[in-house]
A.B. asks: 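Please read through the structure below; I'll follow up with questions.
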Amino acid sequence: MADYYITTPIYYVNDKPHIGHAYTTTMADMLARWHRLLGDNVFFLTGTDEHGEKVQKAAEKHGKSPKEFVDSVVPQFIDAWKTFNITNDIFMRTTDLQHDKTVKEFIRRIYDSGDIYKGEYEGWYCVPDETFITELQLKEGRCPYCGRTVNKVKEESYFFRLGKYRQRLLDLYEKHPGFLSPKYRAMETINRVKEGLNDLSITRRTVKWGIEFKQDKDHVVYVWLDALVNYLSALRWPDGTVGRFWPADVHIVGKDIAWFHTVIWPALLMSAGVEPPKMVFSHGWWTVEGKKMGKSLGNAVDPIDIIRKYGVDPLRYYFAREMPFGEDGDFSESKLIARINGELVDDLGNLVYRSLTLAERFGGEIKGTPELDKGLDIERIKALMGNLDTFNAIEAVWERVRCSNRYINEKEAWKLRGEQLGNVIYNLLESIRIISILLSPFMPDTSERIRMQLGVEKQGIDQCRFGEFRGKVKKAGHLFEKVKE
RNA sequence: AGCGAGGUAGGGUAGCCAGGAGUGCCCGCCGGGCUCAUAACCCGGAGAUCGGUGGUUCAAAUCCACCCCUCGCUACCA
């Protein structure tokens, strides 16, 4: 039994969860569930990032203290993940006491290794946008976002010697090719690191809402450093269950924050004398109805609304099925409906319904010889999931669904009687049973409903082969209802 | 500008790394079969100069060069 530590990023709580948060969390959940199915000892982390200037400002706007404000937003995340059937083992908040302790100890170690020095942060700042802008981003000396003039600001700050770790990072990428995943995105990072790395400002004087920088109490720890360390505080580092689950098997992140996880994070860990994680997997982004998602565009999709309308499993299915994990995709309701009607209702739902109808009408003994196991390749699906390829894994399951439907037609099951019919039903029920096991990480509710209708015990990956069918079939309506447009 | 990813039938994709008849899948379209099934399922068919040009090779979607187009990233904006 292997230990498996998987994480999502912790989400910034200046707003309620959107479709992107839901996507990352759901994909991680599928992997966590898959590993449990394999019998692994899984530790699955998600949580919230609650410090920093933006939260401070958002709190002021609501007339609350920062803590009151985050306490009011965090339940929305917790509830959302409940709705999504997310099976996280821990929900980490950066305002937790444990986290505070871990961050301080983590920084102490970096400080002791001589990688922190006092300096001056200098940069361009757009006051109305409240954003720092780099030299490169400037457009004719003006803010690239709003076009207004920018101010030069100077601020005392403590720096981390990131530049020092350039070669060690390149070595890490070379020795552990899986670290930068998916591999087609790896070159981007490698080339940028080769170009050289600037040291990083890791504290702020002007911000109050954050973890105290013990080495100089006029400063607080900058939010991203604070946030990254949560992967360790969830394990109660440096004690706790660290030895067992660290290094993490995979950090699931969106490609926008890949840099923090593939460059800054491992460098910080090296400095603190901690092993880097085994893999950082950067997934793609969703557009919505073909357009970039954003608050300014007013097209942010509320995942809870979608679930209310279509159900949890259809959305989970869509997440895994609409695009290969890693790549970008487009979220649209019409595409979601097309998948529900064409795949969940017509392929899967129909297969189960028609098979169970045949089974219930049949009075004889359900037994026979395996025929529908041809092409069933569990090892292949294991390999795909090992590569975090949920997309092709589901496709492989769907091949089973389609060939089972074909089987009924080819055998003309409705014309058969007696032993011949018993044999066909045996093959169908075994095939469906295996499909339901394989689907359990992706559509847990649906998997469970199929299992109930088959009347079989809960099973693991080892039962994904044809044996004797031991179940009491009891049909219970359609798995999915057609969505009328 | 630099770096990266991609351009394959009406749409969406796989195949490319380790060249071998345009080979596969999904949706859509056309025709047929069937009635166990939510007008569901199954079979067959039409539809592609594999972005362009040149090169390597007995053989190129696949390798190389150049060009065109689309998208992403460019660091302290989680």
Side-chain angles (χ1 to χ4, degrees), chain A residues 9-14 20-21 24 48-49 51-54 121 123 126 129-134 136-137 144-145 157 159-160 162 182-195 197-202 204 222-228 253-261 263-264 282 284-285 287 292 321-324 326-330 335 338-339 341-347 349-362 391-392 395 398-399 402-416 421 424-425 428 477-482 484:
Chain A
I10 49 174
Y11 303 113
Y12 206 58
V13 288
N14 59 345
H21 297 127
T24 311
T48 43
D49 179 11
H51 289 129
E53 194 173 7
K54 282 197 173 172
Y121 177 80
C126 175
D129 277 4
E130 296 167 4
T131 20
F132 285 92
I133 294 147
T134 60
L136 266 166
Q137 286 176 298
Y145 306 109
S157 173
F159 283 79
F160 169 66
L162 179 64
K183 62 170 186 268
Y184 56 78
R185 242 197 272 284
M187 283 314 290
E188 223 168 289
T189 308
I190 292 172
N191 287 337
R192 273 179 69 194
V193 171
K194 276 185 183 161
E195 285 167 17
L197 297 166
N198 299 328
D199 291 345
L200 292 170
S201 158
I202 54 160
R204 280 294 128 97
Y222 199 55
V223 266
W224 54 255
L225 170 54
D226 171 352
L228 285 167
V253 301
K255 64 181 183 183
D256 56 328
I257 54 172
W259 181 256
F260 289 92
H261 287 81
V263 179
I264 297 171
S282 316
W285 276 118
T287 52
K292 265 192 184 177
R321 189 75 159 112
E322 181 62 21
M323 67 196 193
E327 286 172 30
D328 293 335
D330 182 53
K335 286 185 196 168
R339 292 209 181 269
N341 287 344
E343 293 167 22
L344 297 183
V345 177
D346 293 349
D347 292 340
N350 189 226
L351 169 67
V352 172
Y353 194 84
R354 66 198 296 216
S355 301
L356 292 186
T357 299
L358 290 167
E360 281 202 334
R361 280 186 202 172
F362 178 66
F391 179 82
N392 282 303
E395 173 58 28
W398 237 252
E399 281 167 27
R402 283 192 291 265
C403 82
S404 301
N405 267 321
R406 199 179 310 133
Y407 180 78
I408 300 179
N409 288 60
E410 279 168 2
K411 292 284 177 182
E412 299 188 303
W414 55 92
K415 290 183 183 168
L416 301 176
L421 180 55
V424 168
I425 290 171
L428 285 171
H478 301 299
L479 290 174
F480 303 96
E481 287 305 321
K482 240 181 196 185
K484 296 201 174 65

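Each chain gets a letter, A, B and so on, in the order the sequences are listed, and its residues count up from 1. We use all heavy atoms of the structure for the numbers below, so side chains are in, but hydrogens, waters and symmetry mates are not.
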A.B. asks: Judged by each residue's nearest nucleotide on RNA chain B, which is more toward the 5′ side, Arg402(A) or Leu358(A)?
C.D. replies: Arg402(A)

A.B. asks: Say we look at C67(B) and C25(B): how far apart would their P atoms be, to the nearest angstrom?
C.D. replies: 38 Å

A.B. asks: Answer with base, sugar-phosphate or nothing: what part of the nucleic acid does Arg321(A) contact at a heavy-atom distance below 4.0 Å?
C.D. replies: nothing

A.B. asks: For Arg339(A) and G12(B), give me the distance from atom CZ to atom P, rounded to whole Å.
C.D. replies: 13 Å

A.B. asks: If you only use heavy atoms from C-beta on, which nucleotide in C41(B), C76(B), G72(B) is closest to the side chain of Phe159(A)?
C.D. replies: C76(B)

A.B. asks: Check every strand shown and say whether Glu410(A) touches a base, only sugar-phosphate, or nothing at a heavy-atom separation below 4.0 Å.
C.D. replies: nothing

A.B. asks: How would you label the contact of Phe260(A) with the nucleic acid (heavy atoms, under 4.0 Å): base, sugar-phosphate, or nothing?
C.D. replies: base

A.B. asks: Remember a base hit wins even if backbone is also touched, and classify Thr357(A) as base, sugar-phosphate or nothing at under 4.0 Å, heavy atoms.
C.D. replies: sugar-phosphate

A.B. asks: Nearest to the Asn198(A) side chain among A75(B), U38(B), C73(B), which nucleotide is it?
C.D. replies: A75(B)

A.B. asks: Once you apply a heavy-atom cut-off of 4.0 Å, does Leu479(A) come out as touching a base, just sugar-phosphate, or nothing?
C.D. replies: base

A.B. asks: Check every strand shown and say whether Asp199(A) touches a base, only sugar-phosphate, or nothing at a heavy-atom separation below 4.0 Å.
C.D. replies: base

A.B. asks: A65(B) and G4(B): how far apart are their P atoms, nearest whole angstrom?
C.D. replies: 13 Å

A.B. asks: Toward the 5' end of RNA chain B, which comes first, Arg406(A) or Glu195(A), by nearest nucleotide?
C.D. replies: Glu195(A)

A.B. asks: Roughly how many Å apart are G20(B) and C50(B), using the C1' atom of each and rounding to a whole number?
C.D. replies: 16 Å

A.B. asks: Any donor-acceptor pair under 3.5 Å joining the side chain of Asn409(A) to the base of C34(B)?
C.D. replies: no

A.B. asks: Taking atom C1' in both C71(B) and C27(B), compute the distance separating them and give it to the nearest angstrom.
C.D. replies: 24 Å

A.B. asks: Rounding to the closest angstrom, what is the interatomic distance between A61(B) and G6(B) at atom C1'?
C.D. replies: 14 Å

A.B. asks: Remember a base hit wins even if backbone is also touched, and classify Leu197(A) as base, sugar-phosphate or nothing at under 4.0 Å, heavy atoms.
C.D. replies: base

A.B. asks: Starting at CD1 of Ile202(A), measure out to CZ of Phe159(A) and round the result to the nearest 0.5 Å.
C.D. replies: 9.5 Å

A.B. asks: Base, sugar-phosphate alone, or nothing: which one does Asn392(A) contact when heavy atoms must sit under 4.0 Å apart?
C.D. replies: nothing

A.B. asks: Of the candidate nucleotides C41(B), G72(B), U38(B), which contains the atom at the shortest distance from the side chain of Asp347(A)?
C.D. replies: C41(B)

A.B. asks: Classify the nucleic acid contact of Arg192(A) as base, sugar-phosphate or nothing, counting any heavy atom under 4.0 Å across all strands shown.
C.D. replies: base

A.B. asks: Can you tell me the distance, in whole Å, between the CG atom of Leu225(A) and the C1' atom of A75(B)?
C.D. replies: 15 Å

A.B. asks: What is the separation between atom CD on Glu395(A) and atom P on G12(B), rounded to the nearest whole Å?
C.D. replies: 18 Å

A.B. asks: Would you please confirm or rule out a distance under 4.0 Å between OP1 or OP2 of C36(B) and any side-chain N or O of Lys415(A)?
C.D. replies: no

A.B. asks: Quick one: which of G4(B), U38(B), C36(B) gets closest to the side chain of Tyr353(A)?
C.D. replies: U38(B)

A.B. asks: Can you check the Trp259(A) CH2 to G4(B) C1' distance for me, whole Å?
C.D. replies: 13 Å

A.B. asks: What's the gap between G12(B) and U74(B) when it is taken at their P atoms, as a whole Å value?
C.D. replies: 27 Å

A.B. asks: Roughly how many Å is it from CZ in Phe362(A) to C1' in A37(B), rounded to a whole number?
C.D. replies: 19 Å

A.B. asks: Using the C1' atom as the point on both nucleotides, what is the distance between G54(B) and U23(B), in whole Å?
C.D. replies: 27 Å

A.B. asks: Does any non-hydrogen side-chain atom of Ile408(A) lie less than 4.5 Å from one of Leu351(A)?
C.D. replies: yes

A.B. asks: Whole Å only: how far is the CG atom of Asn341(A) from the C1' atom of A39(B)?
C.D. replies: 12 Å

A.B. asks: Reading RNA chain B 5' to 3', how would its secondary structure be written in dot-bracket notation, given Watson-Crick and G-U pairs with both distances under 3.5 Å, brackets [ ] for crossing pairs and | for partners on other strands?
C.D. replies: ((((((((.[[[[[)....(..]]]]].(((((.......))))).....[[[[[..)....]]]]])))))))....

A.B. asks: Does any non-hydrogen side-chain atom of Leu428(A) lie less than 4.5 Å from one of Arg354(A)?
C.D. replies: no

A.B. asks: Output yes when Glu395(A) and Arg402(A) qualify as a salt bridge under the 4.0 Å nitrogen-oxygen rule, no when they do not.
C.D. replies: yes

A.B. asks: Calculate, to the nearest 0.5 Å, the distance between atoms CG and CD1 belonging to Leu358(A) and Ile425(A) respectively.
C.D. replies: 5.5 Å

A.B. asks: Any ion pair linking Arg321(A) and Glu343(A) (charged N to carboxylate O, less than 4.0 Å)?
C.D. replies: yes

A.B. asks: Which listed nucleotide (G4(B), G72(B), C76(B)) is nearest to the side chain of Ser201(A)?
C.D. replies: C76(B)

A.B. asks: Is any side-chain heavy atom of Phe160(A) closer than 4.5 Å to one of Leu225(A)?
C.D. replies: no

A.B. asks: Mind checking the P distance from G24(B) to A46(B)? Whole angstroms is fine.
C.D. replies: 12 Å

A.B. asks: What is the distance, to the nearest angstrom, from the CZ atom on Arg361(A) to the P atom on C36(B)?
C.D. replies: 6 Å

A.B. asks: Taking only residues two or more places apart in sequence or in another chain, which ones pass ring-ring contact (aromatic ring centres under 6.0 Å, His included) with Tyr353(A)?
C.D. replies: His478(A)

A.B. asks: Quick one: is Arg354(A) getting a side-chain N or O under 4.0 Å of the U38(B) phosphate, OP1 or OP2?
C.D. replies: no

A.B. asks: Say whether, by atom type as modelled, one donor and one acceptor occur between the side chain of Asp49(A) and the main chain of Tyr11(A) under 3.5 angstrom.
C.D. replies: no

A.B. asks: Figure out the CG/P separation between Asp346(A) and C26(B), and round it to whole Å.
C.D. replies: 13 Å

A.B. asks: Can you see which heavy atom on Asp346(A) is nearest to which on Asn405(A), and at what distance?
C.D. replies: O-ND2, 4.4 Å

